[in-house]
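Within every chain, numbering begins at 1; the chains are lettered A, B, ... in the order of the sequence lines, protein sequences first and strands thereafter. From a predicted model like this one, the values you see are computed outputs, not experimental measurements.
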Number of protein chains: 2
Amino acid sequence: MGTDGAALSVPIRVLVVDDHALFRSGVNAEIGDSVDIVGDVGTVDEAIDAIRAKKPDVVLLDVHLPNGGGVAILEALADSTSNTKCLALSVSDAAEDVIAIIRAGARGYVTKTITHDELLDAIRRVHAGDAVFSPRLAGFVLDAFSSTKPVTSDPDLDRLTPREQEVLRLIARGYTYKEVAGRIHLSVKTVETHVSSVLRKLQLSNRHELTAWATDRRLL
Amino acid sequence: MGTDGAALSVPIRVLVVDDHALFRSGVNAEIGDSVDIVGDVGTVDEAIDAIRAKKPDVVLLDVHLPNGGGVAILEALADSTSNTKCLALSVSDAAEDVIAIIRAGARGYVTKTITHDELLDAIRRVHAGDAVFSPRLAGFVLDAFSSTKPVTSDPDLDRLTPREQEVLRLIARGYTYKEVAGRIHLSVKTVETHVSSVLRKLQLSNRHELTAWATDRRLL
DNA sequence: CGCACCATCGGGGACAACCCTGGTTGAACC
DNA sequence: GGTTCAACCAGGGTTGTCCCCGATGGTGCG
């Protein structure tokens, strides 16, 4: 069914980016009949130029390239308004590779162990706006995204008394001492005392660092 | 092939959470032969209790429930060390629903238009550690993840002179006037002047709002 | 050339932030 | 009953923030 689907409508215009010429010609031979391969290049700079010039529908993008890798290409094109989709294609199944290139804007990530039909399907789905991942890899992105390091028992935070934590939260949100005092019915001087001991206990020097500290731990 | 794959090995233990009893019995009838449905519940509290007690392999989780929805269940279980996977199952295909529940820790999201076989496949893949999405929905997560809304031509930002933007960046990072002055070799008074005009042009009242404004636009 | 705008710098003042040294109360613990 | 600690409050001082008023040069423009 692979070839038919593409041949019926306008074929998808694909650019292949990989620093190994043999691999590029392999891709060309495998899927060249089913999609319109508008070019194949081997360097970051060539890729950027080719994407700007030919505006392919989908870029088949190798992750590991000299001079910055696929991420460099995606970042260079981040501001362009084209609707070119990028599908990362790599031998690596390492979480950091996947996360880096997805964060840079790729719409999918498949390993080079993929079959002919699966690759065609992936290209079509990316072109249609879906995200495509080899089975295990999607989990990496979710792990990074859901960012669930609750750190329920934060040793630093535990050293603060309940009242100090309460004040900390309000200060980190940008309220002045006076506003905090009014909000939890204290005197300004008491708020100052609490903030001082919070700063001392956390080894911070001012409320700006405190805000950064709090946002780091997501206690807002 | 659906039934065979499950019957061969130990069947996957599934808990169904949905506030509509009819839907629960529908799921039960559809896939009860292929997986081991260890319970079906209709409220957040029941779900939390049931997950703790029965430790299912996969929770089929409705997104929209009274008292907090599926997100509340995921958050309540975030600290538990079980390896129960949650697959969100919803009528909604809204980006905010998808992002919220994935951020809370769900490992997949499919709409209720799914077919019998697709649902079984989704359950198996989630159980195996993959992430599963209905076609269009994965893109929502990637959009939220790659956080690439540079807003290169921000009209507000353009109204600032280059020097003002430079000072803005440093102030937003928490440096004091004195530190900014030392860093770009100006007098403190000049820094004050620049900050004042930045605050005036952006209609902000203090540096806390400025920090919030800057982080909003990711100019750090 | 006058004019607007930018960048640089200053004085003075009001207020907020931060630190220090105190104090009182109440609850918990030995 | 003495100790310890959280929570509350106060005075006084230094520094930082933000605003007002000004000033000087440089640049580009009609």
Side-chain angles (χ1 to χ4, degrees), chain A residues 151-220, chain B residues 151-220:
Chain A
V151 198
T152 42
S153 61
D154 190 316
D156 290 328
L157 193 59
D158 284 353
R159 286 169 44 223
L160 302 181
T161 68
R163 203 56 161 173
E164 284 167 351
Q165 296 185 29
E166 200 177 350
V167 173
L168 155 63
R169 260 168 258 265
L170 293 170
I171 290 296
R173 276 183 211 163
Y175 294 110
T176 67
Y177 288 180
K178 192 186 291 182
E179 287 167 341
V180 173
R183 194 168 271 254
I184 53 182
H185 306 295
L186 291 180
S187 87
V188 174
K189 279 299 182 180
T190 306
V191 176
E192 286 188 33
T193 306
H194 288 315
V195 172
S196 281
S197 47
V198 168
L199 291 179
R200 184 170 31 77
K201 286 182 183 176
L202 300 181
Q203 312 216 66
L204 303 174
S205 60
N206 57 44
R207 59 179 300 158
H208 304 306
E209 292 182 11
L210 201 159
T211 302
W213 186 90
T215 47
D216 242 29
R217 277 143 226 258
R218 301 175 177 73
L219 331 155
L220 297 193
Chain B
V151 199
T152 43
S153 63
D154 190 315
D156 290 329
L157 193 60
D158 284 352
R159 287 171 42 222
L160 302 181
T161 68
R163 203 56 161 172
E164 284 167 351
Q165 294 184 28
E166 199 177 351
V167 173
L168 155 63
R169 261 168 257 266
L170 293 170
I171 290 296
R173 276 182 211 164
Y175 294 111
T176 67
Y177 289 178
K178 190 185 293 181
E179 287 167 339
V180 173
R183 195 166 270 254
I184 53 182
H185 307 295
L186 289 181
S187 86
V188 174
K189 277 298 182 181
T190 308
V191 176
E192 287 188 34
T193 304
H194 288 314
V195 172
S196 279
S197 46
V198 168
L199 292 179
R200 184 170 32 77
K201 285 184 182 175
L202 300 181
Q203 312 217 61
L204 304 174
S205 59
N206 57 43
R207 60 178 298 160
H208 302 308
E209 293 181 10
L210 202 160
T211 302
W213 185 90
T215 47
D216 243 27
R217 278 143 227 259
R218 304 181 171 73
L219 337 151
L220 298 193

Do any N or O atoms from the side chain of A:Thr190 and from the backbone of A:Leu186 form a donor-acceptor pair under 3.5 angstrom?
no

Side chain B:Glu164, main chain B:Val195, donor-acceptor under 3.5 Å
no

Nucleotide nearest [X] when distance is taken to its side chain, options [options]:
{"X": "B:Thr176", "options": "D:dT17, C:dC18, C:dT8", "answer": "D:dT17"}
{"X": "A:Ser196", "options": "C:dC18, D:dA6, C:dC6", "answer": "C:dC18"}
{"X": "A:Leu199", "options": "D:dC9, C:dC19, D:dC18", "answer": "C:dC19"}
{"X": "A:Ser187", "options": "D:dA6, D:dA10, D:dC18", "answer": "D:dA10"}
{"X": "A:Tyr177", "options": "D:dG12, C:dA17, D:dC18", "answer": "C:dA17"}

Quick one: [X] [atom1] to [N] [atom2], roughly how many Å, whole number?
{"X": "A:Lys189", "N": "C:dA17", "atom1": "NZ", "atom2": "P", "value": "12 Å"}
{"X": "B:Arg200", "N": "D:dC19", "atom1": "CZ", "atom2": "C1'", "value": "11 Å"}
{"X": "A:Leu210", "N": "C:dA17", "atom1": "CG", "atom2": "P", "value": "13 Å"}
{"X": "A:Lys201", "N": "D:dC5", "atom1": "NZ", "atom2": "P", "value": "11 Å"}
{"X": "A:Arg159", "N": "D:dA6", "atom1": "CZ", "atom2": "C1'", "value": "16 Å"}
{"X": "B:Arg207", "N": "D:dC19", "atom1": "CZ", "atom2": "C1'", "value": "16 Å"}
{"X": "B:Glu209", "N": "D:dC18", "atom1": "CD", "atom2": "C1'", "value": "13 Å"}
{"X": "A:Glu164", "N": "D:dC8", "atom1": "CD", "atom2": "P", "value": "10 Å"}

Is [X] close enough to [N] that one of its side-chain N or O atoms is under 4.0 Å from OP1 or OP2 there?
{"X": "A:Arg163", "N": "D:dA7", "answer": "no"}
{"X": "A:Lys178", "N": "C:dA16", "answer": "yes"}
{"X": "A:Thr190", "N": "D:dA7", "answer": "no"}

Within this structure, what is the [atom1]-[atom2] distance for the pair [X] and [Y], rounded to the nearest 0.5 Å?
{"X": "B:Thr176", "Y": "B:Ile171", "atom1": "OG1", "atom2": "CD1", "result": "7.5 Å"}
{"X": "B:Glu192", "Y": "B:Ser197", "atom1": "CD", "atom2": "OG", "result": "11.5 Å"}
{"X": "B:Tyr175", "Y": "B:Arg207", "atom1": "OH", "atom2": "CZ", "result": "11.5 Å"}

Residue whose nearest DNA chain C nucleotide is more 5′ - B:His194 or B:His208
B:His194

